[in-house]
Structure formats: structure tokens, C-alpha cells
Amino acid sequence: MRERFYSDARLYDRLFPAREPAVDFYRAEADRQGGSVLELGCGTGNKLIPIASDGHPCVGLELSPPMLAEAQRKADERGVELDWVQGDMREFDLGRTFDLVIIAANALLHLHEASDLVDCFRSVRRHLAPGGRLVFDVFNPSVQMLAHADGVRRRREALSFVDPDRGVVHVDVAETYDAAAQVTRGTWYFSTESEADVVDVPLEIRSIFPQELPPLLSLGGLRLVERFGDWSRRPFTGDAAVQLCVCESD
């Protein structure tokens with residue numbers, strides 16, 4: 001299902017444009033850590049291309065070929081050189097290590113099983129240079145929002161965007177929450193002013209609750225050393241919208 005959602009890379013970029021605070025956060029992490037950077041689930045390169053433009057040797061790993069093709073196009077357009085690899089973040093072998101590994105924009109939440117998350121963390125651990133760090137962001141689950149996932153189709157006005165060919169595109173989402181699996185299963189509907197449901201795609205996203213992370217990381221050979229609650233590095237609290245996690249080898 002994930003493949004269908006990410007088959008139109010330009011649609012993805014219009015729906016989820018690069019957010020400056022998030023880009024600045026990861027650029028600062030790369031500068032702080034120094035050296036080479038690997039991004040897992042790199043998408044169309046919204047985080048990695050700016051990092052590479054700062055002079056860091058970069059590799060982006062992504063499962064979706066259309067997303068990689070768009071990342072390459074954007075990098076070429078900006079005159080930035082970096083390597084793109086098609087692969088699965090659960091199990092990969094790039095034959096080298098990195099000073100920083102990042103997993104941005106909730107990409108980790110496409111892994112639904114605990115075993116998949118642990119496999120990913122173990123793969124990261126194998127690719128960390130001495131002193132290297134893993135930095136990632138995932139949303140902080142809200143019980144109220146999960147309870148609101150009742151299968152009713154609702155308009156998400158904040159997600160509306162302008163398509164150069166279709167004009168204003170509205171987004172409706174209908175989703176349910178599977179508490180046993182900790183997975184929100186939804187369908188996203190895209191409509192224009194003149195045509196309803198031009199595109200509809202399924203999307204399934206896992207929730208990772210704050211107390212789950214340390215043991216999952218530990219099973220993967222990593223430990224959580226810092227957790228922030230927003231892009232300005234405020235301490236993480238229960239009502240924070242995101243979990244920005246900094247990890248090292250255990």
C-alpha cells in the first residue's frame with residue numbers, strides 16, 4: 001500500500017512541502033556531527049539535498065523508485081552531487097559506515113511490526129561509524145486523535161494545495177485505528193474544484209508510544225541519548241507533537 005501512496009513523487013511534494021524548521025534541524029545535526037550522512041526513507045530529498053549542499057557526503061536510501069527519480073532530478077537541478085540507493089530500511093548493506101544516519105518525516109512509521117523496527121535499528125547500528133549517531137523524528141501519538149479515527153471521511157483543509165494543471169486540490173481522509181496493531185489505516189482522497197476523487201490512495205501508519213522507543217532501540221543495539229519535543233530542541237513532554245530522537249550505539 002505504501003508504494004501506491006508514493007508512486008506520484010510530485011504530488012507528494014505538493015502535499016508535504018519541505019518545512020524549514022525540520023530542514024534546519026537536520027542540517028544542524030549534520031554540521032554538529034560532521035562527516036558523512038545516510039538518510040533512510042529519503043523520499044524526494046527534501047532534507048538530504050540541503051545537507052549535501054552544505055558539503056557533507058550523502059547517501060539516500062529509498063524504497064520507491066519514483067521518489068528516487070524525483071530526488072535525482074531535484075539534485076541535478078540544484079547541481080548537488082550525492083548517491084541514491086533503492087532499498088529497504090529494514091535490511092540493507094551499503095558496505096560502509098556513516099557519521100550520521102537520519103530517518104525524517106515519520107518514515108520510520110511505515111514499519112508496522114516491532115521486529116521490523118528492530119531490524120531497521122540493527123541495520124543502522126551496523127552502518128554507524130565510531131561516535132556516529134542516529135537522529136529521527138516520529139509523531140507523538142495523541143489518544144484523542146487516535147480515538148477520532150472512526151472511519152468517517154473528513155476534509156483536511158490544512159493539506160489543500162495548488163496543482164499547476166488541476167488548480168486547487170482538496171484532501172479528504174477517512175481512517176480507522178487498529179489498537180492491537182497500533183496502526184492507523186486510512187484512505188486519502190484528492191479532489192479538485194471540478195472533479196471529486198481524482199486520486200484515492202491507502203496509507204497505513206504505525207504509532208510508536210514514547211516508552212516503547214528505548215527498549216526497541218536497545219534490541220537494535222542503540223540507546224536514546226536525547227529526545228526533543230519540537231524543532232527548537234525544547235525538552236520532550238507528554239503533550240509534544242513530535243518525538244525528535246538522538247541515538248548512539250549501545
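Numbers for residues simply follow the sequence, beginning at 1.
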Pairing residues for [X] by the ring-ring contact (aromatic ring centres under 6.0 Å, His included) criterion, not counting sequence neighbours:
X	value
His127	Phe92
Tyr177	none
Tyr189	none

Does Tyr26 sit in a hydrophobic cluster with other residues, and if so which ones, taking ILVMFWY side chains as linked at heavy-atom separations under 4.5 Å, directly or through other members? Phe25, Val37, Leu48, Ile49, Ile51, Leu68, Val80, Leu82, Trp84, Leu100, Ile102, Val135, Val225, Phe228, Trp231, Val242, Leu244, Val246
For Glu81, look at atom CD and say whether over 12 heavy atoms of other residues, nucleotides or ligands are found less than 6.0 Å away. no
Does one side chain, of Asp13 or Thr44, offer a donor that lies under 3.5 Å from an acceptor on the other? yes
Looking at Arg73 and Glu77, is there a salt bridge between them, counting it only when a charged N and a carboxylate O are closer than 4.0 Å? yes
Side-chain heavy atoms under 4.5 angstrom apart, residues restricted to Ile, Leu, Val, Met, Phe, Trp, Tyr: same cluster for [X] and [Y]?
X	Y	result
Leu159	Leu203	yes
Val183	Ile205	no
Val85	Met89	yes
Phe139	Val173	yes
Phe209	Leu224	no

Closer than 3.5 angstrom, by distance alone: can the side chain of [X] be matched with the main-chain N or O of [Y] as a donor-acceptor pair?
X	Y	result
Asn46	Pro17	no
Ser218	Pro214	no
Asp8	Leu11	yes
Thr176	Asp150	no
Arg227	Pro210	yes
Arg90	Ser123	no
Glu70	Ala9	no
Ser53	Pro50	yes

Just to verify, what does Asp230 make a side chain to side chain donor-acceptor pair (under 3.5 Å) with, not counting sequence neighbours?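 So Asp230 forms a side chain to side chain donor-acceptor pair (under 3.5 Å) with Ser232.
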With sequence neighbours excluded, residues passing side chain to side chain contact (heavy atoms under 4.5 Å, CB included) with [X]:
X	result
Ser36	Pro57, Arg96, Phe98, Asp99
Gln144	Ser142
Glu193	Val168, His170

Tell me, with the steps shown, if Val199 and Ser191 meet side-chain contact (heavy atoms from CB on, under 4.5 Å). CA-CA 7 Å; Val199 180; Ser191 301; over 6 Å; no
Of all pairs that satisfy salt bridge (Lys or Arg N to Asp or Glu O under 4.0 Å), the ones with a partner from [range], not counting sequence neighbours:
range	value
residues 102-113	none
residues 241-250	Arg133-Glu248, Arg223-Glu248
residues 171-184	Arg153-Asp172, Arg155-Asp172, Arg156-Glu175, Asp178-Arg185
residues 20-40	Arg27-Asp54, Glu29-Arg32, Glu29-Arg233

With rounding to the nearest 0.5 Å, note down the distance linking CD in Gln243 to CG in Asn106. 10.0 Å
